[in-house]
Each structure stands twice: as structure tokens, then as C-alpha cells.
*Asks:* 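Attaching a single structure in C-alpha cells format; questions to follow.
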Number of protein chains: 4
Amino acid sequence: MPELSAQPRWQRRAVDRPQELLQAALAEFVERGYAATRLDQVARRAGVSKGSLYRYYQNKAELFKAVVRSALIANLDEAEALASAHSGGSRELLAAFLTAFTRRVSESALSGIPKLVMAEAGNFPEIARFYFDEVIQRARNLIQGILERGVARGEFRNVDTDYAWRVVIAPLMLGILWKHTFLACEPGGFDFERHLRSHLDLLLDGLAAREA
Amino acid sequence: MPELSAQPRWQRRAVDRPQELLQAALAEFVERGYAATRLDQVARRAGVSKGSLYRYYQNKAELFKAVVRSALIANLDEAEALASAHSGGSRELLAAFLTAFTRRVSESALSGIPKLVMAEAGNFPEIARFYFDEVIQRARNLIQGILERGVARGEFRNVDTDYAWRVVIAPLMLGILWKHTFLACEPGGFDFERHLRSHLDLLLDGLAAREA
Amino acid sequence: MPELSAQPRWQRRAVDRPQELLQAALAEFVERGYAATRLDQVARRAGVSKGSLYRYYQNKAELFKAVVRSALIANLDEAEALASAHSGGSRELLAAFLTAFTRRVSESALSGIPKLVMAEAGNFPEIARFYFDEVIQRARNLIQGILERGVARGEFRNVDTDYAWRVVIAPLMLGILWKHTFLACEPGGFDFERHLRSHLDLLLDGLAAREA
Amino acid sequence: MPELSAQPRWQRRAVDRPQELLQAALAEFVERGYAATRLDQVARRAGVSKGSLYRYYQNKAELFKAVVRSALIANLDEAEALASAHSGGSRELLAAFLTAFTRRVSESALSGIPKLVMAEAGNFPEIARFYFDEVIQRARNLIQGILERGVARGEFRNVDTDYAWRVVIAPLMLGILWKHTFLACEPGGFDFERHLRSHLDLLLDGLAAREA
DNA sequence: TATGAATGAGAGTTCATTCAT
DNA sequence: TATGAATGAACTCTCATTCAT
């Protein structure tokens, strides 16, 4: 009675497959970069055969794009949600956003994505564009919005918001970079919290001593 | 009949070749990343045959390291020189340094190196370490020194200099990133001068509005 | 329309492939030596693509070692079996062994292995050592054992068995050499049987005329 | 007065060059085999530039042939000389020849040549043929002549001289082989003198015990 | 449908040979 | 004439992709 025997060996979790593949691929791509990533290894990590990959993704480049897309999309919604919680002062709002983002970077493996995008932008212009449109632009809208609101309300000085938003964001990117590039070189490790505090301190109050 | 045999098929240029090869390789590596760069293409760009590369560099990895090393070494001395010109106030000193660095990034092709290092750090730990030791650490000494001097002289607030130096540097890195990753995505281009002004403005005076 | 798509372009033969590859490689290595053997050619001879070789053997050197190992191992057991058939006089035993070995050399393609090992010993010390340990030493034990037994039983003169075994073996090696090096040069060909008879005749009774 | 200055830097010893090159090449070819020998290395060993090689030998194959030829020719005359000293008994003559040859093998670097020829015979049929004609055939004439003379004079048994000569020679070849292939594997080394004694002992008197 | 053996284009690398100097 | 930089064909090896099973 062959029919009686339960689930056929494959199809086990055909539904979860894409997710598992994306996770495995994300890890490998972040670890080694696009070119140095072996599909063989991705498949092994996901617990499937190399051939099966091609059932879900047309080829390596498509897999890569899917990885980036899916990783970003997961994050975008949360960021947006955060942004709409705009009660309170602009100062607090900005701090809240930067804090939330820093937490995320320090904790999640997803922070590998920005690094990946930067590294492969030359070979994948569409990825760069996608990231720019979906991440950078949204971040810009968010930050610049906060800045303009703050200026309008008299909480912030009248800064050049068209460019200032990048300066605001820069230490976040540096944090990502540090985590993925120089962590191994720092003997004492890197304290994200302290970095955040330093960032907020300088950003809000500047370096200059105030005369009494 | 001198005209008969026109110019020779190739020339012996043992002295200049290494430099030419490094330049060609730098351009290709920055454009495509390590793995996607074809030695064939590097050679063609330098105007030699693929085999000639191997007279000067043992293999692809060595060529890569040589590219990074030579590009960095050229820059380090100047940075150091700049640092020793320490007359004047700390505020001016800091501004001078950031300005000089921004100019360099915006003008020279060498700014591709940091991006390259970040992208390949995972596959070339020694390169990451080298960059960290020779560039990052020097920059840290420089910046942190200026900060501490400024604090000591009462020109700056008493900030956490152990971490603040990274915040100071972050917009420079973002500038590099922008140039090499997102320039093509920005319809209006990127104005390094304005970015610098914004950076200095925020860094020195902060966001917060001062009460009268 | 079954005729439309004729036989498949290739077949999966994971079980037989290694053997087929070894055979093809053996032939090529013997014919040309290690360095002059092209993997391309080995693959073609085995009826597979170049890339397939690498599924079964890590690289050329490993393929070479596998060839030598597998060729030897096949033979060793038989030799051993032969040796244990030690009934009868020592004279007959020695003759039986030399005869069996000569037959094998004259008939099998495996006799190319010793020649190969000799030729490549300089570049593959491990192969030389492997051959020495697995073949030469066994042969020595076998022959020297027969000699000592013969001496003990009064069948042989009291010869220097520590060195004599090599003299006993020498004409076998010469036979191998002849087959693989000078066969084409001998207009009348080479008669292994006659060589063997000559060998046994001289070995057992020597050259010297006996006085009545 | 530029003419006054003594010998121009090259031409130093243009006459000796070929000899020096042959020596260097012999050493390299014996050490590594034909294919693995680098002309670069040969040139360096001879103290000239790679390009200069081509002034004396058309290409690698020609150099190889010249090496073999010159190495052999040096030896042949001596062997011939030895052969003509045919006073005394056949037994002594044979012993004298084998002794002389063994000495030569154990001492000179030229014994690498036979090994080289055997190894490369497949790729250089002309070399094999040359060696066969110039060395093997002469050796055969020599040995077979001694054997026939001995038989005719009643000093030797009536052996099959057409094949016996090879059996006589075999231990010499084995000696060469041992020196160049298995020397490193023998912990106690290899005593050529003892090998020779064993050879002569067995060859002349055989293994068989004589009944009283 | 899942597998992984088989493919084959293309990469890095080597080196005999040539030729500008 | 001697040199060694430059060449380029040819090789080993890799791996994304296909397809027989």
C-alpha cells in the first residue's frame, strides 16, 4: 500500500523553500560578496540541492536581487511605522528614529544588506537604484521631514535640510560599515550605544563651546 | 628605407609599467570589485598582454594588494603634512582638515579605494587590517587629537572623544559612498561643497536652536 | 514520435565513471608521462567533458596518484596469493613466480605503471615512496624469503640474500623497460618467453662451464 | 680610448657556452624531467640569460637532444676502449666490464641520462632510437661478443646469447634505477659494490647448489 | 518534483619563444 | 651580441547552469 505512507520525501515544505533559500543566500552573500558566493554553498546551507535553486530563482543574479528586495521590504514597513509616531518634540523624534535604527543595525543580520548593496552597486545598477529609491529616498523623506518640522517649529536652527539629512544619517552608515568591515580590527570592540550617544550629542548640540 | 618598418610591435618600459598597471587595475577594481575584475581587461587597459602582468605581480591577489597599498601610501603623507600645520584655533584646524579631505575625495579617483576596501574586507582580511592600521588609526589620531586640544583649550565642549572622532569622520565616508554608489541615481548630482558646509555647520554648532 | 529525440546527450554513470577515468588516465599517463598528459585528452578518451574529471578527482596530481594506487592494488593481492602457494622446491617456486610475473608484464597494460613511477619519482616523491613500500618491499620479502628458504634447505648456494633479491628481479624490470621504451626499436620484436628462459637458465645455473 | 679596455662583457667565453649550457641542462633535465624543466632555470644555472639559450639551441627539444647526445658520446669511447682490452679470460673480461660500468654509474652524474631516456622515450622517439642505436646496440655487441667468445673457448656454458646479453645487463639498469628513483626510500642506502659482487656471483655461478 | 552528475565557457596562470633595446 | 621584457598559446581548474534520472 504505497499510498498510505505519509508525506513524500520532497514537497516537505515547498512553501517555505523560497524563504529558506533567501535566508541562506543572504548569509552567504553578506559573508563573501556576490561573485565569491557559490550557489552550491547556498543550496547546502538551505538544505536543498543545487538544482532545486533553479526551480525558485531563474539564476544567480535574480536570486541576489530577490535577497536584497526581500530583506529591505521587511524593514521598510517598520521604519515607516516609526515615522508616523510623530507626537512629541522634533528633537525626541529624531533621537527616537536614530536610536531605533542603531538598535536594529547592532542586532540584526540584515545590516549586511547595505554593505552588500554598496559593494555590488557597480555590477548591479538596478540594485543600487532600487535601494536608492526604496531606502535612501524614504530615509531622506523621513529625516528631512523631521528637520523641516523642527525648523518650522523653532526647535532647530535653520539648516540646509536638502543636504543636512545626509549628515544626520552618516554615522548610521559608519556604524554599519564598522560592524561589517572593521569589527575584527578593533581590539576593544565597538559599542553601538556609546556611538549613538556621541552621535546624538554632537548632532544636537554641536562641538562648539557656548559662551556663558 | 626607414619608413618600411613602422613603429615596433611593443616597447620595453620596465620602469613605467608597474605604475601603468596599477592605474589600470585601480580603475577596474573600483569599477567592478575584485572578483568581477578580469586580468585580461586590466592588461588591455594598460596596453599590455595578459601575460605581462605576471612579470610585475605574482597573481591577482598580489596585484590587488599592491593597488591598495600604493594608492594609500601616496595619500598618507599629505594627510600627515596637513596635520602638522596646527597653528590657529581648533575650530579652524578641524575645518581645514575636513575641507582638504572633501576636496580630495571629490576630485581624485583614489577615493575609490576606501569603497573597494570596505567591499572586499571580508575576502581580504589583511587588506582590511592594513587599511585600518594605516588609514583609520591615523585619521583617528589626527581627529581625536584636534578634539582633545580643542576641549583642553576651552574651544570645544567636553565631548566623548574616544567615540566622537568617528562621528566627525562619518560624513566624509558618506561622501565617498555617494560618489561611488549613488551618484548615478541622483538626478541633480551631488555638491560636495554644500555637503561639506552642511557637515561643518552641524558639527560645530549642532541642530538645536539657541534660546536668545 | 519516439525517433525524434534520439539518445540523450550524456548519461549519469556515477558508479562506473571513476573506473573509466582511471583507465583513460592510465593510458595517457603511460603514453606521455605526467606533465605531457592533457586532462582534456584524458576526458575525451573517457568520453566525458573536461569538467567532469573534477567531480571525481580533485586535480591532476590526485588523479595521477589514484591511477597508480588503483593499478597497483589490483596486482598486489594476486602476487601475494602466488607467494603462498609454496609447496614444492625452492627452485620451482622461484621459477613459478618469475614466470607468472613475466606473463603479466607481457600481457597487461598495467606494466606501464612501474615505468611511470620511475619516470616521475623525482616530481612525486610520495608516489615513489608508495611504490617502494607497497611493491618493492613486498617483492623483496617474497624473493628474499624464497632465497633464504632455498639456502636453508640446501637447494641454493649460500648467497648474499640481502642484495641478491635485486639481481633476481632485475631482468623483470628490464622486460618492463623494453616493452615500454625500446619495443619500437627492435625490428624482430621482443620474445618475453625466451627472455624468461634465458633469465631462469642463467639465474639458476650461472654462466660458468662446469668441469666434468 | 674605448678600444683599450679589455674584454667586452659578453663574448667572455662564447666558446665554452655550449658546454656550460649542456651541463646545466643535463642537471635540470635529470632532476625534473623534460616537461618540468624550465629554460629560465637552465639559463640561470648556466649563468646566462634566457634569450642567449636560443643563440646556441633552436628550442627546448633541440637542447634536450643535444644534452643526451653529448652525454652519451663522452661515454661511448671509453666503453669501446674497455672492450678492446680483451686479453685474459672471458670471465675476467666480463667482470671487468661490469665493474667498470658499475663504478661509473655510482660515481658520475651521467647515469641520469638512461633514466631520462626511458622516461621521455614516449615523447621523443628519435631520442629512444638514438639511444638504442648508439648505446644499447653497442652494449649488446660488446656483451654478446664476450659471451660468444667465452662459449667458443669453453669457458661458458652454451647459453642463448641472443637473449642472455640483456639478462647480463639488467642489474646494471636496476642499479641506475635505484640511484635515481629509490635511493631516498632506502634507509640504509645502496652499496653499489655489494650489488656488483652479488651480480657477478649469481651471473657466473648461478644459484643452484652443486652436488659434491 | 528533486537530485546532483555532466557540461562548457571562461577565468587565472605558466612558459617557450620572440624581439626591442 | 646579450638581455630580459613582452607575447600569446595552451593549460589547469571553477562553477553557473542544464538535464538525465
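What you see below is based on every heavy atom in this structure, not just the backbone, and it leaves out hydrogens, waters and symmetry mates. Here is how names work: the chains are called A, B, and so on, in the same order as the sequence lines, proteins then strands, and each is numbered from 1. Keep in mind that this is a model prediction, so the values were computed, not measured.
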*Asks:* Which nucleotide in the set dT17(E), dG4(F), dT12(F) lies at the smallest distance from any side-chain heavy atom of Tyr54(C)?
*Replies:* dT12(F)
*Asks:* For a side-chain hydrogen bond (donor to acceptor under 3.5 Å, both in side chains) with Glu28(B), tell me which candidate from Arg38(B), Arg45(B), Gln23(B) qualifies.
*Replies:* Arg45(B)
*Asks:* Quick one: on DNA chain F, does Arg13(B) or Ala35(C) contact a more 5' nucleotide (nearest heavy atom)?
*Replies:* Arg13(B)
*Asks:* May I ask you to verify if any side-chain N or O of Arg38(A) is less than 4.0 angstrom from the OP1 or OP2 atom of dC15(F)?
*Replies:* yes
*Asks:* How would you label the contact of Arg55(C) with the nucleic acid (heavy atoms, under 4.0 Å): base, sugar-phosphate, or nothing?
*Replies:* base
*Asks:* If I take atom CD in residue Gln11(B) and atom C1' in nucleotide dT18(E), what distance separates them, rounded to the nearest angstrom?
*Replies:* 17 Å
*Asks:* When the nearest nucleotide of DNA chain E is assigned to Ala61(D) and to Arg17(C) on a heavy-atom basis, which residue is associated with the more 5' position?
*Replies:* Arg17(C)
*Asks:* Calculate the interatomic distance between Leu39(C) atom CG and dT7(E) atom P; express it in whole Å.
*Replies:* 15 Å
*Asks:* Nearest whole angstrom, please: distance from the P of dG12(E) to the CD of Gln58(B).
*Replies:* 16 Å
*Asks:* Rounded off to whole Å, could you give me the CG-to-P distance for the Leu63(D) and dC15(E) pair?
*Replies:* 16 Å
*Asks:* Side-chain contact test, heavy atoms from C-beta onward, threshold under 4.5 Å: evaluate it for Leu22(B) versus Tyr56(B) and give yes or no.
*Replies:* no
*Asks:* Which whole-number value in Å describes the distance from Leu53(C) CG to dA5(E) P?
*Replies:* 15 Å
*Asks:* Where the side chain of Lys50(C) is defined as all heavy atoms beyond and including C-beta, which of dT12(F), dG4(E), dA2(F) is the nearest nucleotide?
*Replies:* dT12(F)
*Asks:* Are the charged groups of Arg129(A) and Glu126(A) less than 4.0 angstrom apart, N to O?
*Replies:* no
*Asks:* It should be established whether Ser49(C) places a side-chain nitrogen or oxygen under 4.0 Å from OP1 or OP2 of nucleotide dG8(E).
*Replies:* no
*Asks:* Does a side-chain N or O of Arg12(C) approach OP1 or OP2 of dG4(E) to a distance below 4.0 Å, or not?
*Replies:* no
*Asks:* Please classify the nucleic acid contact of Tyr57(C) as base, sugar-phosphate, or nothing, using heavy-atom distances under 4.0 Å.
*Replies:* nothing
*Asks:* Which nucleotide in the list dT18(F), dA6(E), dC13(F) gets nearest to the side chain of Arg9(C)?
*Replies:* dT18(F)
*Asks:* Quickly work out the Arg32(B) CZ to dA11(E) P distance and round it to whole Å.
*Replies:* 11 Å
*Asks:* Which of parallel (below 30°), tilted (30 to 60°) and perpendicular (above 60°) describes Phe124(B) and Phe64(B)?
*Replies:* tilted
*Asks:* Ignoring backbone atoms, establish whether Ser52(A) has a side-chain N or O less than 4.0 Å from OP1 or OP2 of dT3(E).
*Replies:* yes
*Asks:* Can you tell me if Gln58(C) has over 12 outside heavy atoms packed within less than 6.0 Å of its CD?
*Replies:* no
*Asks:* Which nucleotide in the set dT13(E), dC13(F), dT17(F) lies at the smallest distance from any side-chain heavy atom of Lys60(A)?
*Replies:* dT17(F)
*Asks:* Both distances below 3.5 Å, Watson-Crick or wobble geometry, any strand: find the nucleotide opposite dC19(F).
*Replies:* dG4(E)
*Asks:* Rounded to the Å, how far apart are Gln41(B) CD and dG10(E) P?
*Replies:* 14 Å
*Asks:* Once you round it to whole Å, what is the distance between P of dA6(E) and CG of Asp16(C)?
*Replies:* 10 Å
*Asks:* Starting from the 5' end of DNA chain F, give me the residue, Asp40(A) or Val48(B), whose nearest nucleotide shows up first.
*Replies:* Val48(B)
*Asks:* Is a side-chain N or O of Tyr34(B) found less than 3.5 angstrom from the main chain of Leu116(B), in a donor-acceptor match?
*Replies:* no
*Asks:* Among dT17(F), dC19(F), dA6(F), find the nucleotide with the atom closest to the side chain of Trp10(C).
*Replies:* dC19(F)
